[in-house]
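In what follows, a structure is listed as structure tokens, so that the remarks can point back to it.
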Amino acid sequence: MTERIDSAVRSAKVPEEMKVNHKGFSEWNTGGTSKDHQPVVQILIDGKDKGALDSEGNVLPTLVYMAREKRPQYHHNFKAGAMNALIRVSSVISKSPIIMNVDCDMYSNNSDSITEALCFFLDEEMGHKIAFVQYPQNYNNMTKNNIYGNSLNAINQVELAGLDTWGGPLYIGTGCFHRRETLCGRSFNKDYKEDWDQGIKTQQPIDQTEEKAKSLATCTYENNTQWGSEIGLKYGCPVEDVITGLAIHCRGWKSVYNNPPRAAFVGVAPTTISQTILQQKRWSEGNLSIFLSKYCPFVFGHGKIRLPHQMGYCIYGLWAPNSLPTLYYVLIPSLGLLKGTPLFPEIMSPWITPFIYVSVVKNIYSLYEALTSGDTLRGWWNGQRMWLVKRITSYLYAVIDNIRKLLGLSKMGFVVSPKVGNEDESKRYEQEIMEFGTSSPEYVIIATIALLNLVCLVGGLGQILTSGQNMLWNGLLLQVVLCGLLVTINIPIYEAMFLRKDKGRIPFSVTLASVGFVMMALFVPIF
């Protein structure tokens, strides 16, 4: 199959013998492109056909290929638009009461996932209240020590499981079983009863069904309708899944989180730092845009969902603003150390207690969560490094982009996270060596912060030791500890800047730019 696809790409056409086997290919005429083409629908396997059997005689399910219409003059609304077209097309082919949604880079890993999801929907006491059953997002390519902090173990095993108590987890866009009627805008009422026999029973000619389905996948079908606002997945947000799930919860429905021992669905995690930064930027930007919009959980959910549920949603909405205090704590205390300016209470003062308490307890609890969720000690440490990296790059960019949108200077975009690397990148990933390789503004920020803290630590300690004043130790000890931790956590960054020779190192141009910014920071009269 791979060879056939590669051959078609090289020749820019589909072989004639393939067109004969699949009539859908003939509709991709020479003038069609991925961004400009008519709707294409083909029922490849008709589950109602008695002859639709596999090699062992088992009945095959209906399999349909669909490409919704796309035209340059019409906004296609990214993944949300594709999902809504699929909901409509399936309504004239199967009209099943349950819809499963799995991303294209994930696969089923547990054949019991469907049965378990249906058990929740069919529960006699609570089933009628459930809108969707959400499985966690798991990856099959994680390194032992989670080099880029992408395992989501704490989110999967602590946060989403905790939300299950207050009304249910968020809809995270994949690995989810939905009740069709809730996606179509239905509100909950206590007398609701699902019609499990609503599927299409009558046999219509396949050609007629395909033509009807095509009419539901055109660019103009949604004009002057409630699709994208009250019906289907919501438009206008990079995280259409979260905002859609919030709207469903606010219509009175509950959701259920199911995390079986054997992962139900498995996908591919980012394998480079640039891929991780891009993915985290999209997630944090979308969640912040929800928080700043009329769909803010505290506003939109007021009186509809409980306060702890609102707070659970807001955890993710406030990811991006974390970049601002983080930037302060990685810059100002270190510069103060270099210039001998104490910023924290003296070590013997009782006012130092809150600073020490918050720092120690937060990190101890974070370590406990990580270890009980399956991470290693080194994996937790790598997660702390990526905690820093994400906040000074992805989250900072998310804040800036949201401000630009609020000012009308930019529009929403949807960037798909690339997850394919070359052989050298894959080898370094398996060896848990951080991948940089190219020049980018994000790397300049990372390298500048790391280098600035190294200079401040060396310069600050030098001044304290040469002065011989115990008062300086007393007033600057916390800044020494903070700066020292930042230097320690950035050791892989220093290696990529000065020691490594492979193609994944930080380019010299980035190192040079960071040196220039550090020199500028040292001469700025902040204190």
Side-chain angles (χ1 to χ4, degrees), residues 138-139 141-159 269-277 279-280 284 315 319 322-323 325-327 329-331 333-334 355-396 425 427-436 442-443 445-454 456-458 478-500 502 504-506:
N138 293 296
Y139 302 119
N141 63 333
M142 300 306 305
T143 60
K144 178 182 177 182
N145 296 306
N146 194 14
I147 182 66
Y148 295 121
N150 287 319
S151 71
L152 306 178
N153 283 346
I155 290 177
N156 289 341
Q157 299 194 35
V158 180
E159 295 177 11
T271 56
T272 68
I273 195 168
S274 63
Q275 294 173 8
T276 302
I277 289 172
Q279 184 182 69
Q280 292 289 329
S284 57
I315 289 174
W319 269 357
N322 264 309
S323 60
T326 301
L327 276 173
Y329 274 98
V330 300
L331 289 173
S334 300
F355 294 95
I356 295 177
Y357 175 81
V358 169
S359 301
V360 172
V361 172
K362 180 265 175 190
N363 284 289
I364 289 177
Y365 187 72
S366 171
L367 176 60
Y368 167 77
E369 275 190 347
L371 295 179
T372 54
S373 298
D375 284 333
T376 63
L377 179 60
R378 188 176 173 187
W380 171 79
W381 183 248
N382 289 336
Q384 300 307 296
R385 181 185 307 111
M386 289 308 301
W387 179 94
L388 172 63
V389 167
K390 288 184 289 188
R391 279 156 180 75
I392 62 176
T393 55
S394 305
Y395 297 177
L396 178 63
E425 289 178 352
K427 187 176 180 180
R428 284 190 288 271
Y429 177 69
E430 291 171 2
Q431 296 173 341
E432 297 193 327
I433 299 173
M434 295 190 77
E435 182 71 35
F436 295 94
E442 295 90 348
Y443 298 162
I445 296 173
I446 296 168
T448 300
I449 296 293
L451 192 57
L452 178 66
N453 278 278
L454 179 61
C456 290
L457 180 65
V458 173
L478 263 190
Q479 285 163 257
V480 171
V481 172
L482 176 59
C483 193
L485 285 172
L486 288 169
V487 169
T488 305
I489 210 168
N490 280 311
I491 287 176
I493 310 299
Y494 304 132
E495 292 174 347
M497 292 172 70
F498 304 116
L499 301 179
R500 286 169 51 185
D502 56 78
R505 68 185 183 276
I506 291 179

Within the distance-only criterion (no hydrogens, no angle test), does the side chain of Thr488 pair as donor or acceptor with the backbone N or O of Gly484 below 3.5 angstrom?
-> yes

From CA spacing to verdict: side chain to side chain contact (heavy atoms under 4.5 Å, CB included), Trp319, Lys390 = CA-CA 10 Å; Trp319 269 357; Lys390 288 184 289 188; over 6 Å; no

Looking at side-chain heavy atoms only, is the closest gap between Leu451 and Ile493 below 4.5 Å?
-> no

Taking all non-hydrogen atoms of both residues into account, name the closest pair between Asn382 and Asn146 and its distance.
-> CB-O, 3.6 Å

Is the backbone N or O of Glu430 less than 3.5 Å from a side-chain atom of Thr143, with the two atoms forming a donor-acceptor pair by type?
-> no

Would Asn490 and Leu454 satisfy side chain to side chain contact (heavy atoms under 4.5 Å, CB included), going step by step from the backbone distance to the final call?
-> CA-CA 9 Å; Asn490 280 311; Leu454 179 61; over 6 Å; no

Would you say Tyr368 has more than 12 foreign heavy atoms packed within less than 6.0 Å of its OH?
-> no

On a heavy-atom basis, the closest approach of Gln384 and Ser366 is NE2-OG, 3.4 Å

Nearest atoms (heavy-atom pairs only) where Pro270 meets Asn150 | O-ND2, 3.4 Å

Does any N or O in the side chain of Tyr148 come within less than 3.5 Å of the main-chain N or O of Met386, such that one atom is a donor and the other an acceptor?
-> no

Counting distance only, does the side-chain N/O of Asn453 pair as donor-acceptor with the main-chain N or O of Val487 below 3.5 Å?
-> no

Are Leu371 and Trp380 side-chain neighbours, meaning at least one heavy-atom pair lies under 4.5 Å?
-> no

Can you tell me how far OH of Tyr429 sits from CD1 of Ile273, rounded to the nearest 0.5 angstrom?
-> 12.5 Å

Would you say the side chain of Trp381 lies within less than 4.5 Å of the side chain of Asn145, judging by non-hydrogen atoms?
-> no

Of all heavy-atom pairs linking Ala450 and Tyr494, the shortest is O-OH, 2.6 Å

Sidechain-backbone polar pair: Ser373 side chain, Ala370 backbone, donor-acceptor under 3.5 Å = no

Of all the heavy-atom pairs spanning Ser274 and Thr272, show the shortest one and how long it is.
-> OG-OG1, 3.1 Å

Measuring from Leu478:CG to Ile356:CD1, what's the distance to the nearest 0.5 Å?
-> 5.5 Å

Please assess Leu152 against Tyr139 for the test side chain to side chain contact (heavy atoms under 4.5 Å, CB included), listing each intermediate value before the final yes or no.
-> CA-CA 9 Å; Leu152 306 178; Tyr139 302 119; 3.8 Å; yes

If you round to the nearest 0.5 Å, how far is CZ of Phe436 from CZ of Arg500?
-> 7.0 Å

d(Asn322 CG, Tyr395 OH) to nearest 0.5 Å is 8.0 Å

How many angstroms lie between atom NZ of Lys427 and atom CD of Glu435, to the nearest 0.5 angstrom?
-> 13.0 Å

Are the side chain of Gln157 and the backbone N or O of Asn153 linked by a donor-acceptor pair below 3.5 Å?
-> no

Between Arg391 and Ser323, the two heavy atoms sitting closest are O-CB, 2.8 Å

Would you confirm whether Glu432, through its side chain, and Ile147, through its main-chain N or O, come within 3.5 Å as a donor-acceptor pair?
-> no

Taking the side chain from Arg385 and the backbone from Ile489, do they hold a donor-acceptor pair closer than 3.5 Å?
-> yes

In Å and rounded to the nearest 0.5 Å, what is the CD1 to OG1 distance from Ile392 to Thr326?
-> 9.0 Å

Checking Glu369 side chain against Val158 main chain: does a donor-acceptor pair fall under 3.5 Å?
-> no

